[in-house]
4 protein chains.
Amino acid sequence: MIVKSEALTARGKRTRSALVQAGREAFEEQGFDAVRVDDVCARAGVSHGTFYTYFSGKEALFTEVTSAVMGEMFAANVVGSLAPGDPRARIEAANRLYLRAWAANSRMVRMLEQAAAGDDRFRALLLEVREVFVRRGADGLRRLQEQGLADPSLDPRLTAIMLGGMVEHFAHVWLDLGEQADEETAVALLTKLWARAIGLTPTSITEVAP
Amino acid sequence: MIVKSEALTARGKRTRSALVQAGREAFEEQGFDAVRVDDVCARAGVSHGTFYTYFSGKEALFTEVTSAVMGEMFAANVVGSLAPGDPRARIEAANRLYLRAWAANSRMVRMLEQAAAGDDRFRALLLEVREVFVRRGADGLRRLQEQGLADPSLDPRLTAIMLGGMVEHFAHVWLDLGEQADEETAVALLTKLWARAIGLTPTSITEVAP
Amino acid sequence: MIVKSEALTARGKRTRSALVQAGREAFEEQGFDAVRVDDVCARAGVSHGTFYTYFSGKEALFTEVTSAVMGEMFAANVVGSLAPGDPRARIEAANRLYLRAWAANSRMVRMLEQAAAGDDRFRALLLEVREVFVRRGADGLRRLQEQGLADPSLDPRLTAIMLGGMVEHFAHVWLDLGEQADEETAVALLTKLWARAIGLTPTSITEVAP
Amino acid sequence: MIVKSEALTARGKRTRSALVQAGREAFEEQGFDAVRVDDVCARAGVSHGTFYTYFSGKEALFTEVTSAVMGEMFAANVVGSLAPGDPRARIEAANRLYLRAWAANSRMVRMLEQAAAGDDRFRALLLEVREVFVRRGADGLRRLQEQGLADPSLDPRLTAIMLGGMVEHFAHVWLDLGEQADEETAVALLTKLWARAIGLTPTSITEVAP
DNA sequence: TATGAATGAGGGTTCATTCAT
DNA sequence: AATGAATGAACCCTCATTCAT
């Protein structure tokens, strides 16, 4: 008797999203295996019987939570694509957004990575999200190459994976492992390294924003 | 009545290392939580009871295994430091060694990352290993800066973290997530990106370091 | 707030009998323990809560259903008693009716047997129904004995139990366990065995019916 | 880590058979569904964890118990076939043995009937046992027919099913439903009914086999 | 040393029943 | 009358660990 989001009374919707929220917090704090269904229920303030009204089990909740997080990551990426300006500014904006998306979702993505090691469905979800970021990075580089602003000999996909990985990995070290750094410094350095790595030609008069 | 490596009969040593080996395989394939002590014993061809002759529990075995892996990572790093040649060649050699070290230990390091999220002792071990790599990268960069071969404005530590992360993360994407690439191409590109990112001045005549 | 059959709106009556019908089907297909109240409600097209408007619980529904079935068995028996004719024809008619009553109710009677093993109320109901059949059989035999048509040394009750059991059991083997046989052959053989077993004297000129 | 009968230490064998014995008692008293694994463990005097050392679950225990019971039924039948003497004496001996086999196993056979309704594996086991009895009865009748001692027009299989069913069913009514009767009377009546039903010719001089 | 039987805390899940709407 | 969300007792099962042999 599992109930989906649709066709729920207001009360049901409230309970369901309380469980999703509680689940997200629990997974982030403890990891998939360490989370007990009862923990989630206690956080959400419902009995454990109620849990099974909405989800078939712990894994189903996890799927729901990760999907939501991945959705946020997608959204962050879309917003980022609106950034205008000269190439360097765009790279900087992208890096900043990327770092912030990670700041919000880092733990859950790591949980997903963990889950992906043992379950192909999670693996597929992970690869799907990753692909969006890779493609966006590769497209950006290709455009610069076409405009003669970046080294045309670089393989766009592989380069995007490597430099994107640099940002993603730094976010992890920074946020999860406690490496000290402030956002401004980090974004500036990431941008400098990225720009130079692709051989970005400084547009003759690089008027920096005031 | 746990027995350490020292003071063991030959038979005891054999049993113990069979358990460590079996444990490593099991952890790599299934992850810490999914591994049951029985799995390890079955792999090692030993009865359950025997396990506790050598280890106080599953966690103790994990500690032992991760320590061994970290030791291999250290060793790889040390070997890498012997590489001679011009800066570019040294960076290339380091990247190649790094990728290979990951090829051998990627899964266990990820397990350690996972364990680090919930246990401070594992966290400390992880940070310790990471520090070795970071320091080596930072030292290398500082030397180049002193020789006037790299951009002196770069923060050595932060830059080493970022570029080292690029390599580490690529190894993960390549080996664990199945991104297609051959080692030569990957090493060449990583090296090119790394070198350009730090503003490496192409040394006209490759004077080997003293 | 359980509502009985009397004093119900038309709508209420419809809902109630939908539940009884759904319950009978469910019990026949799955057995008492395997049936969940939700199954019954789903079959009846009613929400869980509504069930308890009409029945105090699963057992109450079961009681209702079995009572109905037992009623049908009684009715079958009554109809059978109207059969006229010579003794052999009456025995044949009774056997045929008995087999047919089982064809319609076999599963539910078995459920009742099952329930009777653990609950004295069901046991009493079962014995009550059985008694009707036994008594009818014993009375029939006694009449034949008084008429000098059957072996007077037979204990009427015990004989009725044994020969009646033969018919009942055959019905079970035939219908529930899938033994191949057609009704005509079965009824003829049961009648022959029964008649001979009680030492039925062939009435010299048996033709009664017009 | 389920352990079969073979390859067990003496202690293991003791524990295992204690569980089987406890299981049999529990199933007989309460029926499959009502039995809790913990009940069985308590009866056997072991912790519930131990149960799973020997059986994969409740159903596996039930399979084991029913197999044992069916084995006893087989054995009873084999012993019965040794009975010598004139036809009437043989029928009487068979009926007595049959009643006694039921006295010992009645409850478990009913459990099996119950289980057979929902599980084809149990159904197959039930049919297999039943077939042995049917075949034995049919063979006996056929031999009498060939010797000119019984009505040759009777279908041996169907007749055996019906008369065998009479005995089986009486056993149930007698033992499970509490119908009052003593064994001697019951066996004598069953034998008389059976013999007359098949038209057994009284052998003038009852020569017992040497 | 090695064995494997025994233990029991701990966790996931089901489902009859209650109750506010 | 009907609904369906919420409850929690009751069960099944796993597995790390202990211990007698």
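Per chain, numbering begins at 1; letters A, B, ... match sequence-line order.
With rounding to whole Å, D:D39 atom CG is found 13 Å from F:dC12 atom C1'. Whole-Å rounding puts the B:L61 CG to F:dT17 P distance at 11 Å. Straight-line distance from the CZ atom of D:R14 to the P atom of F:dA20: 15 Å, rounded to whole Å. Summarising the geometry, the separation between CZ on C:F55 and P on F:dA1 is reported as 14 Å, rounded to the nearest angstrom. Put simply, CZ on C:F62 is 14 Å from P on E:dA16, counting in whole angstrom units. One interatomic measurement links the two molecules: NZ of A:K58 to P of E:dT13, which rounds to 8 Å at whole-angstrom precision. Regarding C:K13, its NZ atom lies at a distance of 11 Å from the P atom of F:dA1, rounded to whole Å.
The nearest heavy atom of DNA chain E to A:D38 and to C:V37 marks one nucleotide each, and the one closer to the 5' end goes with A:D38. If C:T15 and D:G57 are placed on DNA chain F by their nearest nucleotide, the residue sitting closer to the 5' end is C:T15.
The D:R36 side chain lies nearest to F:dC12 when the options are E:dA16, F:dC12, E:dA6. With distances taken from any side-chain atom of C:Y54 to the nucleotides F:dA2, E:dA6, E:dG12, the minimum falls on F:dA2. Nearest nucleotide to the side chain of C:R11, out of F:dT18, F:dA2, F:dT7: F:dA2. Of the listed nucleotides (E:dA16, F:dA6, E:dG12), E:dG12 has the atom at the smallest distance from the side chain of A:Y52.
To the nearest 0.5 angstrom, B:Q30 atom CD is 10.5 Å from B:E25 atom CD. Annotation: the span from C:L112 atom CG to C:D119 atom CG amounts to 10.0 Å, rounded to 0.5 Å.
D:F51 has its side chain within reach of D:L61: a pair of non-hydrogen atoms, C-beta onward, lies under 4.5 Å apart. Within the 4.5 Å cutoff, the side chain of D:L126 has no heavy atoms near those of the D:M70 side chain.
Residues from residues 26-33 of chain B with heavy atoms under 4.0 angstrom of DNA chain F: there are none. Near DNA chain F, meaning a heavy atom under 4.0 Å away, the residues from residues 42-51 of chain D are D:H48.
We find that A:R24 and A:E72 are joined by a salt bridge, their nearest charged nitrogen and carboxylate oxygen being less than 4.0 Å apart.
Across all their heavy atoms, D:G12 and D:Y54 have their closest contact at CA-OH, 3.4 Å. The two atoms that bring D:V40 and D:G23 nearest to each other are CG1-N, 3.8 Å, heavy atoms only.
Phosphate proximity of F:dT21 to D:T9: absent, as no side-chain N or O sits under 4.0 Å from OP1 or OP2.
Within the nucleic acid shown, B:V40 has no heavy atom closer than 4.0 Å to any nucleic acid atom.
Stretches of at least 3 consecutive Watson-Crick or G-U wobble pairs, with each checked distance under 3.5 Å, appear in DNA chain F as E:2-21 with F:2-21.
The side-chain hydrogen bond (donor to acceptor under 3.5 Å, both in side chains) test applied to B:R36 returns B:D39, not counting sequence neighbours. Under the rule for a side-chain hydrogen bond (donor to acceptor under 3.5 Å, both in side chains), the partners of A:R121 that lie at least two apart in sequence or sit in another chain are A:E59. Residues forming a side-chain hydrogen bond (donor to acceptor under 3.5 Å, both in side chains) with B:E128 (at least two apart in sequence, or on another chain): none.
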Derivation of the side-chain contact (heavy atoms from CB on, under 4.5 Å) call for A:D120 and A:R123: CA-CA 5 Å; A:D120 281 343; A:R123 186 189 177 85; 3.8 Å; yes

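Ring geometry, D:F27 versus D:F32: the interplanar angle falls under 30°, so the pair is classed parallel (tilted spans 30 to 60°).
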